[in-house]
Amino acid sequence: MVKLLDLQAITAMHGDEYKAAVSRVIDSGWFLQGNENKRFEADYAKYIGTEHCIAVANGLDALYLLMRGYKEMGLMNDGDEIIVPANTYIATIIAITRNNLVPVLVEPTWEHLEIDVDKIESAITPKTKGVMIVHLYGRIAYNDNLGEICKKYGLKLMEDCAQSHGCVWKGVKVGALGDCAAHSFYPGKNLGAFGDAGAVTTNDAELASVIRALANYGSQKKYVFKYVGMNSRMSEPDAAVLDVKLKYLDDDNKARQKLAAYYYEHISNPLIKLPKRISDENNVYHQFPIFCERRDELQEYLKENGVQTLIHYPIPPHKQECYRGWNARSYPITEKIHREELSIPMNQVVSVEEAKEVVSALNSFR
Ligand SMILES: *Cc1c(COP(=O)(O)O)cnc(C)c1O
């Protein structure tokens, strides 16, 4: 059985280093807001190329805090609009609506799977305050045109980097391309903790300081509360583990890119469409999505042939019950992606043998 994601094997690659890091924290007796968080924040900010990094409890909180920060700064208000891709994980949308902001869903392109930058300008209204891009599947969602549109209309450019740690646009890492960015370190991400964890990166010193306070009950000074905040902090063991894992991220991504190259070279079934191949710099292959009109049959066939897969995602946000008011809307490209997408094994521990098995199962589907 080729597993979609073997976290046991991935963790075992550097297991002793993780154990040593966690032991160090246990022995220190200090579990929150300590040196491990400070070190990871400094190292991650350096890696991304921003001045500030704020470690938080998870990716959803990181996303929420970006806009909550702008609201506390008076730059966004209830009812303002945020442009966002219609095809994203639900967390991106929840972060917007939980801030009483209005998500304006924009279709992706079928070719690139990321937000259609040509459709952004016509979605802008006087209420638009920001654009939230999502580098979905590890593919770059940014281009220079998008940056120019945001500047021209004075919109905050926010990035959801939950699936794209280490992805680069013209020498700049995602997470440093816009005004601020949210990162998730959910265990299955390219950079994953041993539980929930997340971070915000930005060069905006004021936003950084507001978000740091908001994530700590709204407090900048002990027992003095400026905002009605929340408790969203990263544990010290997680920070220690992530700091170890960060050293290996670029190598892990290279292994993913190598596997992707193998897939592009060898998957040749005309019933299966592969996503447009873009340069390795622009894709860290969080997932390797393939598309098939008979997706459910293909998934069953792969299972019978020992290949685990997963659908990212079966139901788009606008068809979810939690957003029932949008259910009648139609976003045909988004819906096609959700109808045909299947993610095949993609990570740093898939062996050459396993990759061959995946390819041969895919190519024998009729
Ligand atoms: C995983 C993910 C999130 C949420 O991150 P959590 O740490 O699980 O809260 C947000 N957006 C996208 C695109 C994701 O893949």
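These numbers come from a predicted model, not from an experiment. In listed order, ligands and their atoms are each counted from 1. These numbers come from the heavy atoms of this one structure, side chains and all, not from hydrogens, waters or symmetry mates.
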Contact atoms of ligand 1, heavy-atom distance to [X] under 4.0 Å:
X: Ala91; answer: 3 (C), 4 (C), 10 (C)
X: Val134; answer: 13 (C)
X: Gly59; answer: 5 (O), 6 (P), 7 (O), 9 (O)

query: Heavy atoms only: which of Ala162, Ala193, Gly192 is nearest to atom 3 (C) of ligand 1?
result: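 Considering heavy atoms of Ala162, Ala193, Gly192, the nearest to atom 3 (C) of ligand 1 sits in Ala162.
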- prompt: Which option out of Ser184, Ala197, Ala57, Ala199 puts a heavy atom nearest to atom 6 (P) of ligand 1?
  reply: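 When every heavy atom of Ser184, Ala197, Ala57, Ala199 is considered, Ser184 comes closest to atom 6 (P) of ligand 1.
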Partner of Asp43 by side chain to side chain contact (heavy atoms under 4.5 Å, CB included), out of Leu242, Leu246, Ile48: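 By the side chain to side chain contact (heavy atoms under 4.5 Å, CB included) criterion, Asp43 pairs with just one of Leu242, Leu246, Ile48: Leu246.
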- prompt: When only distance counts, is Thr88 in polar contact with ligand 1, meaning an N/O pair under 3.5 Å?
  reply: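 Such a contact does not occur with ligand 1.
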Any idea which protein heavy atom is nearest [atom], and the distance to it?
atom: atom 1 (C) of ligand 1; answer: Lys189 NZ, 1.7 Å
atom: atom 11 (N) of ligand 1; answer: Asp160 OD2, 2.8 Å
atom: atom 9 (O) of ligand 1; answer: Leu60 N, 2.9 Å

- prompt: Does Leu63 have a heavy atom less than 4.0 Å from any atom of ligand 1?
  reply: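 Judged by the 4.0 Å heavy-atom criterion, Leu63 does count as contacting ligand 1.
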Gap between atom CD1 of Ile337 and atom OG1 of Thr109 - 0.5 Å precision: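 Reported to 0.5 Å precision, the distance equals 7.5 Å.
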- prompt: Between Tyr285 and Tyr263, does the ring centroid distance fall short of 6.0 Å?
  reply: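 Not close enough - the centres of the two rings lie 6.0 Å or further apart.
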- prompt: Centroid-to-centroid, Tyr186 to Tyr89, below 6.0 Å?
  reply: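 That pair fails the under 6.0 Å test.
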message: Please verify the inter-ring angle class for His14 with Tyr248; under 30° counts as parallel, over 60° as perpendicular, anything in between as tilted.
response: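 Taking Tyr248 first and then His14, their aromatic rings lie parallel (interplane angle under 30°).
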field: Residues Asn37, Glu236; criterion side chain to side chain donor-acceptor pair (under 3.5 Å); working and verdict
entry: CA-CA 6 Å; Asn37 263 259; Glu236 288 280 281; 2.8 Å; yes
field: Non-neighbouring partners of Tyr47 that pass ring pair (Phe, Tyr, Trp, His ring centres under 6.0 Å), sequence neighbours left out
entry: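 Per chain and number, Tyr47 pairs via ring pair (Phe, Tyr, Trp, His ring centres under 6.0 Å) with no residue.
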